[in-house]
Each structure stands twice: as structure tokens, then as C-alpha cells.
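Dumping the structure here so I can ask a few things about it.
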2 protein chains.
Amino acid sequence: MAGIKQVQRQTGVALWRQIADRIREAISRGAYDETGMVPPETVLALQFGVNRHTVRSALAALAQEGIVRAVQGRGTLIERKERLNFPISRRTRFTDGLRDQARETHAILLGHAEEAADAEVARWLRIEQGTPVIRLETVRDADKRPVARGTSWFPAARFAGIGEIYRKTESITKAFAVLGLSDYVRATTEITATHADAGDIADLELTPGAVLLITKAMNTDLEGVPVQYSISRFAADRVQFTIEN
Amino acid sequence: MAGIKQVQRQTGVALWRQIADRIREAISRGAYDETGMVPPETVLALQFGVNRHTVRSALAALAQEGIVRAVQGRGTLIERKERLNFPISRRTRFTDGLRDQARETHAILLGHAEEAADAEVARWLRIEQGTPVIRLETVRDADKRPVARGTSWFPAARFAGIGEIYRKTESITKAFAVLGLSDYVRATTEITATHADAGDIADLELTPGAVLLITKAMNTDLEGVPVQYSISRFAADRVQFTIEN
DNA sequence: GAAAATTTGTCCGTATGTATT
DNA sequence: AAATACATACGGACAAATTTT
């Protein structure tokens, strides 16, 4: 390899930014495709003629952008990504929506409980605060990769036992069917984005600083009665939403 | 103030994480509401009994979450935020949608140009690649705060001069009206999220690591002919989208 | 308006811990 | 078990931006 162009000091652009730009460019050029990894920090530090910590600042920035992912003891891996598409419509179904995009999907029930509806849940489900609801905590995988984790609430009186049914069927649609609700529709969806918290990082196998797409959604039966309120947290670099009007 | 509980070493949780958690909690408790700022790094370092760099790691994490914002020479400010709501529907109008939520909105035209449609623009506008299109670069403000920046493309043959008209009217809807298109509808919207790049940070007054909501949207006239394709980049901590089905 | 003090930003060097190979 | 590689933490120095004097 020919000599590497050194970074420039006192230019008004911090060294770590220059280095981040150079590494980002090298990655997109395919310079590290053989190994799928960035060279070790010590090597990069030598190449750019800076301290290892300066390289670490650059790599931290790239990790935050989702371009690389550092694994202690192994190295810094280059991330490549394709996004799963989630259409949002009146007929939005989580699992069905993935059918053509992933060979294998799973819905794992982390836990379920019966509790009293708080103000937010009560408002979305249009019930009295304090009414019993069933809460489900789930993680959804597509091809062994976690895609989203979520919390759903259901009116307890109408959907008693939905937790265990969901664990077996791995599908809200099927669980509803078992409980006598043959069809339902998506009424409203609210979308925001933020950074991943500790729970997201653990459940979705993300790195600190990762971006999340968050949906708050309410489903109703065909009479317009709310049957489910859910908050889902998607790994933003693995999904996109589409709305067709 | 009574003694501050020191952080604990060798517990398997990094000091900077413990400190970030403590500061986050203090902020939500309102402990710094008088000044709206976190104490200086040197003070925090003394309080927690760690080096200033360790505090900096914690503050960097909080800055990334959008909870604080460091300003060189001033201090580390606490961010408080309310989100503007953008309904996405067949009748989605950017400016109209903000009318009840902001006293004053502006659309600034950064620049416009006529160019040949690339593959992506051609696909969305359903025209031949290479067909002339007009590109508009805009930034939108609500109450003096930038909310989104975007790029829009229009078929040049049909909307000649839209750049200058938009600069005066500050509204796509009005510009369309001037050019003889009295009504239009939102056909499709694609939503993703990612980190802000350098341009976003500058135009939207963000900090590095900020989260963006990105929409790719296509509008058609009432006959279903595409009239606009746009990519908009929203500061995620200032907006949310809602979809009513 | 200029100088000083304050506060965050960058960079280096070193040491040690932890996870993986 | 040893080597490798990233993670954490400390200490110091100086730069840059802002506020205060």
C-alpha cells in the first residue's frame, strides 16, 4: 500500500472528524471488504499519525451513524443493511407484512401481566382509567435479527388469556381469532424517532446511540371499538414505513 | 447541599454510565431548573469524585439522547421539547398542518435549479430518466426554529418558474395554484430515520448525533399524475407523524 | 472595547480492565 | 494460557467560544 495521506492539523476541522470522513469514504469505496472489518485502532492510529484515542473518537462517531459496530476483543465490524418495509394502512398486520421479505419470522413473548390501565392506555383504548388490561411484552425477529420490541395492551375483560395464546401462535391476528375476534383494523398510528435506551440496545442487539423508530398504534374491531394499543420500538436501520393514500 | 452519593467502581457498570443515569434523573427531577443548565464539567467531576473526562463521556451520552446540549464557552444546556404533529393523509399540506401549532411559520428557499431527472426521481415522478425537472432546496421554520429541510422535484415542463413563485408565496400549495394546479393529493409516503449529517446539523441547528425522521413523498394531481417528489429531513425531537386510517 | 475568567472542545500519553481469538 | 483488541479511567496541556469584569 502506498503512503497514506496524513490528516491536517490546525485547519479548523478536528482531527477525529477528518479521520471519520476518511474511514467512511474508505468503507463506501469497499477498501475493507475482504475482512468486513476496519483495521485495529492501533493500526489506524499509526496510519493517520495520531493517538489511538483520536481514532477512537472517529470510530465512535461512525458507530453512532450505524456504519460500524465495535466488538470488544474482536474488532470493529462494518455494518451493511437492508430495510424491511412495513406498510401502514387500515389492514396493517405485523407478521403478514413481513411474509415476502424474510424467510423466517418470530414473535417472542417476553412476558405478560394483568394490570390497571394508566391514563395513556385508558385514553387510547377509550376505557376508564384503572380498568383491567393485559399487557404483553414482545420482541419480533426476522431471519434471526431482532426488528422491533413492543408493549401491547388489551382490555382484559374481552381478551382474557391472550398472553398464553400469543406465546403459542406468535401472532396477534391468530390470538384474536382464537378469542372470537375474526377481523380488526388499524385506526391510528403515531410515529416518532429517538435514540435507543438500554433496554432497546439489549433486546434489539443495537449499539449505544442507535436510532429507533417508535410507533404508537391503536387497533379497533369492525365496530370501531379499540381492541389493542401498542408501542413498538423498531431498529431504524432495519426498517422503513410506507403509507399509501 | 448534602453530600452527593459517589459512584461505585468495579461494579460491572462503567462510571460514565452511572453518572449519565444520575444526571438524567436529576434533570427530570428538576434539580437544575433554576439555571436551565447542568453544572460545569469540573464541578460535576468534583461532586462525583471522577476525572473531568469521565463526566464528559456521560454528558456526551446525554447530548446524544437530546437531553442536553453543550455550548462551548457557555455550558451544558438542558433541552426541553414539544413535538409538532404532522398528520399524513391524502390531504397532507406542510404549512397548513402547522397552522394551529405555531404562531409563525416560514419556508425559506435555499436554492433552485433545473436539471435532468436521475433514476430515483424519474421512478417516483413516472417520467423518463433525463427529463427536465426543477429541484427546490428548502428549509422550514416554525416559531423561528428550523423543523425540516427538504429537496423537491417537479416536472419542468408543467411547472416552469415554480422556484421564484415558491420563494414569494412560501407555499407549495400556493405555487401550484399560481401555475394552474388548484388541487393535489399525497399519494405515497415512505418514512425512515437516521442520524443527522453535516448539512442537517447546519440547516436545522442540531448537534452531532441528532436523530432525523426522513420522508420520501410523492404528490399527484387529481388525475393521479405525479406533480412532486420530495425528500424531507425532520429534526426528530421536534416532530411526530400521525396516520389516521 | 479590551482583558480576564469561565467553560467546553481537542489531543496526547499512560494504565488497567474485559472480551475474544 | 497467551495474545490481541476494544473499553474505561485518569492526568495534563492547550485551543476556542462565551461571559464577566
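Residue numbering restarts at 1 for every chain, and letters A, B, ... go by the order of the sequence lines.
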Could you tell me how far apart A:Leu15 (CG) and C:dG9 (C1') are, to the nearest whole angstrom?
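The distance from CG of A:Leu15 to C1' of C:dG9 comes to 12 Å, rounded to the nearest Å.
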
What is the distance, to the nearest angstrom, from the CG atom on B:Leu44 to the P atom on D:dA9?
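Rounded to the whole Å, the gap is 15 Å.
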
Can you check the A:Ile19 CD1 to C:dC12 P distance for me, whole Å?
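It works out to 8 Å between those atoms.
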
Looking at D:dT8, C:dT8, C:dC11, which one has an atom nearest to any side-chain atom of B:Ala70?
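Of D:dT8, C:dT8, C:dC11, C:dT8 is nearest to the side chain of B:Ala70.
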
Whole-Å distance separating the CD atom of B:Glu41 from the C1' atom of C:dT6:
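It works out to 12 Å between those atoms.
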
Give the minimum heavy-atom separation between B:Ala196 and B:Ile201, together with the two atoms involved.
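That closest heavy-atom pairing would be CB-CG1, 4.0 Å.
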
Taking all non-hydrogen atoms of both residues, which atom of B:Gly209 and which atom of A:Gln64 are closest, and how far apart?
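Scanning both residues completely, I find the closest heavy atoms to be CA-OE1, 3.2 Å.
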
In whole Å, what is the span from the CG atom of B:Leu46 to the P atom of C:dT7?
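One finds 12 Å between P of C:dT7 and CG of B:Leu46, rounded.
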
Between atom CD in B:Gln8 and atom C1' in D:dA9, what is the gap in whole Å?
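After rounding, the reported distance stands at 17 Å.
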
If you look only at pairs with a residue in residues 64-83 of chain A, which of them pass as a ring-ring contact (aromatic ring centres under 6.0 Å, His included), with sequence neighbours excluded?
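ring-ring contact (aromatic ring centres under 6.0 Å, His included) check on residues 64-83 of chain A returns no pairs.
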
Quick one: A:Arg17 CZ to C:dT10 P, roughly how many Å, whole number?
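Distance check: A:Arg17 CZ to C:dT10 P gives 6 Å.
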
Please name all residues satisfying salt bridge (charged side-chain N to carboxylate O under 4.0 Å, His left out) with B:Arg135, sequence neighbours left out, ordered by chain then number.
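Scan of B:Arg135 (salt bridge (charged side-chain N to carboxylate O under 4.0 Å, His left out), adjacent residues dropped) gives B:Glu115, B:Glu137.
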
Axis-to-axis angle between the two ends of the helix from C:dA2-D:dT21 to C:dT21-D:dA2 (five base pairs per end, rounded to 10 degrees):
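The end axes of the helix from C:dA2-D:dT21 to C:dT21-D:dA2 are about 10° apart, to the nearest 10°.
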
If the condition is side chain to side chain contact (heavy atoms under 4.5 Å, CB included), which residues does B:Asp141 pass it with, not counting sequence neighbours?
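By the side chain to side chain contact (heavy atoms under 4.5 Å, CB included) rule, B:Asp141 matches B:His106, B:Ile108, B:Val139, B:Pro146.
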
By nearest nucleotide on DNA chain D, pick out whichever of A:Met37 and B:Trp16 is the more 5' one.
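It is A:Met37, whose closest nucleotide lies nearer the 5' terminus.
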
Between A:Ile162 and A:Ala175, what is the shortest heavy-atom contact and its length?
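Shortest heavy-atom contact: CG1-CB, 3.9 Å.
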
Does any pair with a residue in residues 64-86 of chain A pass ring-ring contact (aromatic ring centres under 6.0 Å, His included), and if so which ones, sequence neighbours excluded?
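Only A:Phe86-A:Phe94, A:Phe86-A:Phe234 qualify under ring-ring contact (aromatic ring centres under 6.0 Å, His included).
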
Protein-proximity profile, nucleotides 14-21 of chain C, B/S/- by nucleotide at the 4.0 Å heavy-atom cutoff, equals B--BBBBS

N/O (side chain, B:Thr76) to phosphate O (OP1/OP2, C:dT8) under 4.0 Å
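Checking B:Thr76 against C:dT8: at least one side-chain N or O falls below 4.0 Å of OP1 or OP2.
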
If you pin A:Ala14 and B:Pro39 to their nearest nucleotides in DNA chain C, which one's is more 5'?
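Residue closer to the 5' terminus by nearest nucleotide: B:Pro39.
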
Who pairs with B:Glu190 by side chain to side chain contact (heavy atoms under 4.5 Å, CB included), at least two apart in sequence or on another chain?
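For B:Glu190, the residues satisfying side chain to side chain contact (heavy atoms under 4.5 Å, CB included) (neighbours in sequence not counted) are A:Gln240, A:Thr242, B:Trp124, B:Lys216.
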
Salt bridge (charged side-chain N to carboxylate O under 4.0 Å, His left out) with A:Asp203: which residues, sequence neighbours excluded?
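A:Arg149.
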
B:Glu164: salt bridge (charged side-chain N to carboxylate O under 4.0 Å, His left out) partners, not counting sequence neighbours:
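Listed in chain order: B:Arg167.
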
Within the structure shown, what part of the strands sits under 4.0 Å from B:Leu59 by heavy-atom distance: base, sugar-phosphate, or nothing?
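If one applies the 4.0 Å heavy-atom cut-off, B:Leu59 turns out to touch nothing in the nucleic acid.
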
Could you pull out all residues at least two apart from A:Thr173 that satisfy side chain to side chain contact (heavy atoms under 4.5 Å, CB included)?
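A:Thr173 satisfies side chain to side chain contact (heavy atoms under 4.5 Å, CB included) with A:Arg93, A:Ser171, A:Tyr184 only.
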
Which ones in residues 26-34 of chain B lie close to DNA chain D, meaning a heavy atom under 4.0 Å from one of its atoms?
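When residues 26-34 of chain B is checked for heavy atoms under 4.0 Å from DNA chain D, there are no hits whatsoever.
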
So, using side chain to side chain contact (heavy atoms under 4.5 Å, CB included) as the criterion, who are the partners of B:Arg56 when residues are at least two apart?
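Scan of B:Arg56 (side chain to side chain contact (heavy atoms under 4.5 Å, CB included), adjacent residues dropped) gives B:Glu41, B:Arg52, B:His53.
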
